[in-house]
Amino acid sequence: MTSILQAEPVGKVVVGVDTHKYVHTAVAVDVVGGVQGTTSVPADRGGYEQLDTWARQFGQVLAFGVEGTGSYGAGLASHLRRHGHKLVEVNRPDRRVRRQRGKSDPIDAENAARAVLAGTATAAPKSGEGTVEMIRHPKIARDGAVKARTQAMVTLKALIVTVPDELRQQLQGLPKMTLIERCAGLRPGPVTSPAASAKHSIRAMARRWKDLHDEVKEHDVLLGQLTKGHAPDLVDAFGIGADTAAEVLVAVGDNPERIRSQAAFAKLAGVCPVPASSGKKASSIDPPSGASRRRRWAGFSELHFTQRPLTRPPWPFTSVTNSGSPHRFGGRQAEPSQAGIRSKAR
């Protein structure tokens with residue numbers, strides 16, 4: 001019988017890296033599971049070169065398993081990729097492993113290496129060096145501006161409820177844009193009364209909303225240009241705009257070849273059914289709903305895997321009237337949903 005030592009002689013290692021903001025910790029594990037060494041390096045170019053040199057002293061480096069390739073480990077991942085190393089994205093270990101072994105940077109790095117060695121971690125990280133990375137940056141800025149804009153409107157309307165009666169009667173019941181323009185044009189004068197302080201605060205929030213609204217539109221224009229240039233077929237598909245296209249492209253990354261099938265992308269996007277079988281019962285449950293998952297699903301059929309143009313939304317759609325008869329959607333009768341959009345008609 002051939003032993004593992006004969007099949008894979010020592011001299012080949014897998015390096016696991018636990019990444020942090022200022023310091024990365026690495027552990028080299030050989031192919032029979034022995035720890036060969038541990039080191040910590042600064043999270044900068046010099047540290048990346050130092051880590052590369054350190055790893056090579058143990059022999060052939062089969063792969064680097066890196067935690068946080070989309071955050072603290074992004075710089076290290078880019079450096080290792082440029083130098084020709086195989087890179088594997090590793091999630092943090094589950095709680096059972098942490099309870100058994102404890103928690104420290106060397107332990108986390110060793111767990112990352114063992115996950116790669118065992119084959120439980122196989123995902124290729126996003127390259128983050130192309131047009132999709134350019135799309136990701138304004139997408140993050142836009143999402144933050146949209147969230148802040150919504151919060152500004154909520155705060156503005158909540159404040160209007162408690163202002164003096166005369167001012168409240170002037171502002172309540174107005175359409176959104178009329179309300180914003182009316183509030184932004186208030187003149188509080190010297191702040192010597194509750195009415196004046198209320199006008200000052202309301203005007204500030206209305207102007208904040210307008211500034212954020214202008215920022216969102218600016219991001220939308222840039223995202224439209226970038227997504228149209230990078231994936232024109234996706235943007236031209238039915239029901240997909242710049243924001244949805246950006247969501248889908250960011251989920252895939254600059255190296256779509258890392259996603260090997262439709263099923264893999266469905267898993268990544270969080271829209272595939274999850275097995276829920278036990279004993280004699282065989283079933284599955286639908287994934288949790290969410291705006292980002294719906295946006296990714298909207299572009300699912302158009303991205304990289306099919307040339308069939310969309311003529312109607314790719315998600316199942318059911319709309320039922322009070323009488324129980326389904327509406328017609330896009331010239332075709334809507335089919336019952338199988339992806340989590342359920343009719344509540346009884």
Side-chain angles (χ1 to χ4, degrees), residues 12-29 37-93 105-106 108-117 120-144 222-223 226-227 229-231 246-260 264-265 268-269 303-304:
K12 299 180 180 180
V13 296
V14 173
V15 179
V17 185
D18 182 35
T19 59
H20 292 278
K21 188 173 184 179
Y22 299 112
V23 177
H24 298 335
T25 300
V27 171
V29 177
T38 303
T39 189
S40 294
V41 298
D44 54 28
R45 291 183 179 180
Y48 304 154
E49 292 287 354
Q50 181 181 343
L51 177 60
D52 193 0
T53 303
W54 173 84
R56 292 178 187 276
Q57 69 177 325
F58 300 108
Q60 179 185 356
V61 181
L62 300 178
F64 280 84
V66 182
E67 288 188 6
T69 57
S71 55
Y72 291 142
L76 174 62
S78 177
H79 174 88
L80 295 175
R81 188 182 297 106
R82 290 195 304 270
H83 284 73
H85 290 290
K86 180 181 178 181
L87 199 61
V88 179
E89 184 174 8
V90 180
N91 294 326
R92 68 178 185 177
D105 292 347
D108 288 347
E110 182 182 343
N111 288 335
R114 295 189 184 281
V116 176
L117 192 61
T120 57
T122 59
K126 300 176 185 178
S127 62
E129 297 175 348
T131 305
V132 174
E133 184 70 3
M134 296 166 57
I135 293 173
R136 186 180 72 88
H137 296 155
K139 181 68 169 64
I140 292 174
R142 182 193 184 277
D143 290 347
L222 179 57
L223 284 174
L226 292 174
T227 54
H230 185 69
E247 184 78 30
V248 175
L249 291 171
V250 169
V252 173
D254 281 304
N255 46 337
E257 65 277 1
R258 70 193 185 96
I259 303 175
R260 296 179 293 275
F265 182 65
L268 174 66
L303 190 63
H304 302 292

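Quick caveat: nothing in here was measured; it's all calculated off a predicted structure.
- For the pair T120 (side chain) and A115 (backbone), a donor-acceptor distance under 3.5 Å is present.
- For residues 39-50, the set of pairs meeting the salt bridge (charged side-chain N to carboxylate O under 4.0 Å, His left out) definition, not counting sequence neighbours, is empty.
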### Task
Could you go through the side chain to side chain contact (heavy atoms under 4.5 Å, CB included) check for L223 and I135 one step at a time?
CA-CA 6 Å; L223 284 174; I135 293 173; 3.9 Å; yes
### Task
Might you work through the side chain to side chain contact (heavy atoms under 4.5 Å, CB included) test for N255 and R258, ending with a clear yes or no?
CA-CA 6 Å; N255 46 337; R258 70 193 185 96; 3.7 Å; yes
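- Residues forming a side chain to side chain contact (heavy atoms under 4.5 Å, CB included) with L222 (at least two apart in sequence, or on another chain): P138, Q225, L226.
- In this structure, the separation between NE2 on H20 and OH on Y72 is 9.0 Å, given to the nearest 0.5 Å.
- Residues V29 and L117 meet the side-chain proximity criterion, which asks for heavy atoms closer than 4.5 Å.
- Counting all heavy atoms, side chain and backbone alike, G16 lies closest to A112 at CA-CB, 4.1 Å.
- Contact detail for K126 and A251: the closest heavy-atom pair is CE-O, 3.6 Å.
- One distance of note links CD of E247 with CG of D143; it measures 7.0 Å at 0.5 Å rounding.
- With sequence neighbours excluded, the residues that form a side-chain hydrogen bond (donor to acceptor under 3.5 Å, both in side chains) with R136 are E133.
- With sequence neighbours left out, the salt bridge (charged side-chain N to carboxylate O under 4.0 Å, His left out) criterion links D254 to no other residue.
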### Audit row: F265, V252, side chain to side chain contact (heavy atoms under 4.5 Å, CB included) steps and yes/no
CA-CA 8 Å; F265 182 65; V252 173; 3.3 Å; yes
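- The two atoms that bring A43 and V23 nearest to each other are CB-N, 4.2 Å, heavy atoms only.
- Nearest approach of G253 to V132, heavy atoms of both residues: O-CG2, 3.6 Å.
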### Message
As a quick check of understanding, evaluate side chain to side chain contact (heavy atoms under 4.5 Å, CB included) for D18 and E110, giving each step before the final call.
### Response
CA-CA 8 Å; D18 182 35; E110 182 182 343; over 6 Å; no
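- To the nearest 0.5 Å, atoms NE2 (H230) and CE (M134) are separated by 10.5 Å.
- Put simply, OG1 on T39 and CG on L51 are 7.5 Å apart, with the number rounded to the nearest 0.5 Å.
- Residues E129 and R81 are in side-chain contact: their nearest non-hydrogen atoms beyond the backbone lie under 4.5 Å apart.
- Listed here is the closest heavy atom pair of T25 and S40: OG1-OG, 3.3 Å.
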Tell me which donor-acceptor pairs under 3.5 Å the side chains of residues 58-71 have, and how far apart each pair is, sequence neighbours excluded?
{"residue": "T69", "atom": "OG1", "partner": "E89", "partner atom": "OE2", "Å": "3.3"}

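- Scanning for salt bridge (charged side-chain N to carboxylate O under 4.0 Å, His left out) contacts around R142 gives D220, D243, with sequence neighbours left out.
- No donor-acceptor contact under 3.5 angstrom links the side chains of H24 and D105, judged on distance only.
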